[in-house]
Amino acid sequence: MRVLIIGNGIAGVTAALRLREKRPDWEITMISGESRFHYSRPALMYVFMGHQSYQETKPYPDEFWAEQRIDLVRDWVTSIDPRDRLVQLKSGRQLPYDKLLLATGSRSNMFGWPGQNLGGVQGLYGLNDLKQLYENVKSTKEAVIVGGGLIGIELGEMLHSAGIQVTFLVREKLFWDNVLPSEEAAMVSRLVRKHGFGLELETNLAEIVDDGDGRCCAVTTDTGKRIECQLVGLTTGVSPRIDLLEDTDIATGRGVLVDWSLRSSTPDIFAAGDCAELVTPEGQGNVIEQVWYTGRYQGEVVADVIAGEDREYLRGIWHNAAKFLDLEYQVYGRVNMGDEGARDIYWEAADGEHSIRIVYTESKVLGFNLMGIRYRQEVCQRWLREERGLDYVLENLREANFDPELFRSYEGELLAIARGLEV
Ligand SMILES: Cc1cc2nc3c(=O)[nH]c(=O)nc-3n(C[C@H](O)[C@H](O)[C@H](O)COP(=O)(O)OP(=O)(O)OC[C@H]3O[C@@H](n4cnc5c(N)ncnc54)[C@H](O)[C@@H]3O)c2cc1C
């Protein structure tokens with residue numbers, strides 16, 4: 001049996017390794033155009049900032065893959081022929097398969113802005129972007145980043161560390177307020193300014209201005225401003241990378257359409273990770289999950305399914321953790337989702353840099369949103385799974401907290417808020 005995997009990100013490598021465990025005698029080949037070896041994409045910023053070498057972002061030594069008998073091919077797949085079960089590589093080679101896994105990840109969104117192809121304009125997704133960034137910063141004193149999300153803030157921090165003055169253009173009223181509740185979005189917005197970034201809210205990019213030599217020299221905005229800059233970072237989200245499937249019958253929507261066993265519409269072709277779009281029963285909205293841990297989990301599930309087992313992807317309790325500059329952020333469960341009957345308790349420390357939000361209904365707690373405070377993942381997820389009520393959670397909050405010192409100071413305030421008292 002020959003299994004081909006396109007993509008060596010977390011979804012692809014997890015699938016390859018699990019499949020090797022389950023099927024010692026199958027041929028497994030993993031193809032990626034970006035790099036021969038898997039590396040940790042979230043670590044890109046640390047490489048740029050000098051905290052880690054590129055070598056250190058690779059969780060496995062280079063010789064590991066040969067030991068596992070997983071063939072690595074560094075090339076771009078240009079087309080797929082499902083009828084003859086072949087993939088065509090850019091180098092001219094063709095590779096046959098019996099089962100094919102698409103784990104092609106995402107690409108940065110580009111919305112056709114005038115000037116988006118000028119020199120000095122780039123996204124932040126992979127190693128090529130990193131290489132471009134090393135070049136671009138050489139001639140940059142001022143940069144503009146379009147988009148206020150997690151990748152934008154990382155790019156901002158990277159540029160800031162290189163001594164570059166950065167201005168964010170953010171379409172929303174506050175930084176990331178399409179995801180964060182407004183108090184937390186206000187906290188992040190204050191922090192962004194406190195760290196010396198420019199922040200233009202409710203502002204859209206109108207045009208990237210050409211310096212006459214094919215490089216950017218400024219941007220203009222829909223609020224009538226012109227901001228001088230020698231680098232423009234476009235970080236307005238990512239979309240599944242599915243251009244490869246254009247000339248095939250493999251069904252796509254925003255991503256590769258798959259059932260909950262991660263099977264595509266075409267027999268023996270599967271998809272996992274950022275590029276997969278899980279089809280839900282009508283009206284519920286399909287699911288695309290573009291974070292590390294869901295990619296890993298989908299990689300595990302799809303390997304079992306490819307190996308012939310009956311398995312479905314069960315969406316667990318959502319969680320995400322990240323950093324906005326030096327502010328830690330964690331979310332568990334459903335926060336800011338507009339759930340019917342949802343209410344919340346919100347506590348914010350006097351310094352304006354720590355907060356806790358507990359979202360709940362009459363019967364149970366729905367989610368936690370934490371800024372500058374860490375709660376234990378296993379405890380929060382257990383409470384959410386067990387559908388614990390607000391009173392239970394408040395009584396047992398100590399169990400979730402990592403930091404007993406800080407906990408003592410806010411526990412009383414949080415309980416007072418819960419009981420409707422002023423603090
Ligand atoms: C800068 C940055 C920071 C992030 N930080 C976090 C974080 O802190 N926490 C978190 O949970 N998530 C984070 N993410 C998201 C996370 O990295 C992704 O969800 C995850 O990497 C997706 O894994 P994947 O295996 O689906 O795809 P990818 O990692 O994108 O891998 C897909 C691979 O497929 C290859 N490929 C695509 N098309 C072809 C083709 N035609 N031919 C050959 N090869 C092809 C690409 O070269 C690529 O290497 C971050 C993302 C970025 C960009």
Side-chain angles (χ1 to χ4, degrees), residues 4-17 29-49 57-59 72-80 87-91 93 95 100-109 122-130 133 145 147 149-158 233-248 255-256 258 262 270-277 288-300 302 318-324 328-331 377:
L4 265 191
I5 300 175
I6 310 177
N8 67 358
I10 187 64
V13 294
T14 307
L17 292 174
T29 303
M30 195 158 50
I31 312 164
S32 181
E34 185 185 3
S35 61
R36 187 171 171 75
F37 299 105
H38 167 67
Y39 73 97
S40 166
R41 194 171 299 291
L44 278 177
M45 75 178 289
Y46 303 111
V47 176
F48 182 84
M49 289 163 67
T57 68
K58 294 193 261 178
L72 302 182
V73 175
R74 167 111 196 257
D75 208 333
W76 292 103
V77 177
T78 52
S79 62
I80 300 170
V87 303
Q88 177 67 50
L89 304 184
K90 195 173 169 194
S91 61
R93 266 175 89 189
L95 295 178
L100 177 67
L101 171 60
L102 303 166
T104 51
S106 298
R107 59 164 76 250
S108 304
N109 287 335
Q122 67 164 104
L124 177 64
Y125 191 81
L127 292 171
N128 268 340
D129 299 319
L130 195 64
L133 197 63
I145 296 178
L150 288 174
I151 295 181
I153 199 98
E154 286 195 359
L155 180 57
E157 202 170 344
M158 290 155 82
L234 298 176
T235 56
T236 47
V238 296
S239 302
R241 187 168 191 161
I242 53 168
D243 43 329
L244 182 60
L245 308 183
E246 263 165 25
D247 298 325
T248 69
V256 186
V258 289
L262 303 170
F270 306 80
D274 275 27
C275 71
E277 178 175 346
I288 300 180
E289 294 183 319
Q290 291 162 315
V291 288
W292 189 259
Y293 81 94
T294 55
R296 192 176 49 206
Y297 177 34
Q298 289 189 14
E300 279 173 30
V302 82
W318 173 253
H319 77 88
N320 201 359
K323 256 178 133 184
F324 291 100
E328 286 198 58
Y329 153 70
Q330 285 183 322
V331 62
Q377 181 177 336

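Atoms within each ligand, like the ligands themselves, are counted from 1 in listed order. Computed from a predicted structure; not experimentally measured. We number each residue from 1, following the sequence as shown.
With atom 3 (C) of ligand 1 as the reference point, the heavy atom nearest to it among M45, E154, Q290 is part of E154. Relative to atom 35 (C) of ligand 1, the option among C275, A322, S32 with the closest non-hydrogen atom is S32.
Each of the following atoms of ligand 1 lies closer than 4.0 Å to a heavy atom of G33: 43 (C), 44 (N), 47 (O). Below 4.0 Å from some heavy atom of R241 lie the following atoms of ligand 1, by number and element: 37 (C), 38 (N). Less than 4.0 angstrom separates some heavy atom of N8 from each of these atoms of ligand 1: 33 (C), 49 (O). Listed by number with element, the atoms of ligand 1 under 4.0 angstrom from any heavy atom of Y125 are 28 (P), 30 (O), 53 (C). Close approach to W292 involves these atoms of ligand 1, each under 4.0 Å from a residue heavy atom: 10 (C), 11 (O), 12 (N), 17 (O), 19 (O), 21 (O). Within ligand 1, the atoms closer than 4.0 Å to a non-hydrogen atom of A103 are 32 (C), 33 (C), 34 (O), numbered from 1 in the order shown. Of all atoms in ligand 1, numbered sequentially from 1 with element shown, those under 4.0 Å from a heavy atom of D75 are 43 (C). Interface of G273 with ligand 1, defined as ligand atoms under 4.0 Å from a residue heavy atom, comprises 26 (O).
Minimum interatomic distance between T248 and I80 (heavy atoms only, all atoms of both residues): CG2-O, 3.6 Å. In terms of heavy atoms, H319 sits closest to Q377 at NE2-NE2, 3.2 Å. Considering all non-hydrogen atoms of both residues, P42 and E154 come closest at O-OE1, 4.5 Å. Shortest non-hydrogen contact noted between A272 and V302 is CB-CG1, 4.0 Å. Among all heavy-atom pairs drawn from H38 and N8, the shortest one is ND1-O, 2.8 Å. The nearest pair of heavy atoms linking C275 to L102 is SG-O, 3.5 Å.
Residue W76 has no N or O atom closer than 3.5 Å to an N or O atom of ligand 1. Residue A11 places at least one N or O, backbone or side chain, under 3.5 Å from an N or O of ligand 1. Ligand 1 has an N or O atom lying under 3.5 Å from an N or O atom of R41, backbone or side chain. At under 3.5 Å, not a single nitrogen or oxygen of N320, backbone or side chain, sits near a nitrogen or oxygen of ligand 1.
In this view, N320 satisfies the side-chain hydrogen bond (donor to acceptor under 3.5 Å, both in side chains) rule with no residue, not counting sequence neighbours. For N128, the side-chain hydrogen bond (donor to acceptor under 3.5 Å, both in side chains) criterion is met by no residue, not counting sequence neighbours.
Closest protein heavy atom to atom 34 (O) of ligand 1: G7 CA, 3.2 Å. At the shortest separation from atom 41 (N) of ligand 1 among protein heavy atoms lies V77 O, 3.0 Å. From the protein, the heavy atom lying nearest to atom 51 (C) of ligand 1 is I151 CD1, 4.1 Å. In this structure, atom 37 (C) of ligand 1 lies nearest to the protein heavy atom T104 O, 3.3 Å. Closest protein heavy atom to atom 49 (O) of ligand 1: E34 OE1, 2.7 Å. With respect to atom 19 (O) of ligand 1, the closest heavy atom belonging to the protein is D274 OD1, 2.8 Å. Looking at atom 13 (C) of ligand 1, its nearest protein heavy atom turns out to be P42 CG, 3.9 Å. With respect to atom 27 (O) of ligand 1, the closest heavy atom belonging to the protein is G105 CA, 3.2 Å.
Judged by distance alone, the side chain of Y125 and the main-chain N or O of S106 form a donor-acceptor pair under 3.5 Å. With Q122 contributing its side chain and L133 its backbone, the two residues share a donor-acceptor pair below 3.5 Å. Judged by distance alone, the side chain of T235 and the main-chain N or O of I151 form no donor-acceptor pair under 3.5 Å. Under the 3.5 Å distance criterion, the side-chain polar atoms of R107 are left unmatched by any main-chain donor or acceptor of P240.
Proximity of I242 to E277: side-chain heavy atoms (C-beta onward) are nowhere separated by under 4.5 Å. Counting only heavy atoms from C-beta outward, the side chains of W318 and V291 approach each other to under 4.5 Å.
With a 4.0 Å cut-off on non-hydrogen atoms, V291 touches ligand 1 through its backbone as well as its side chain.
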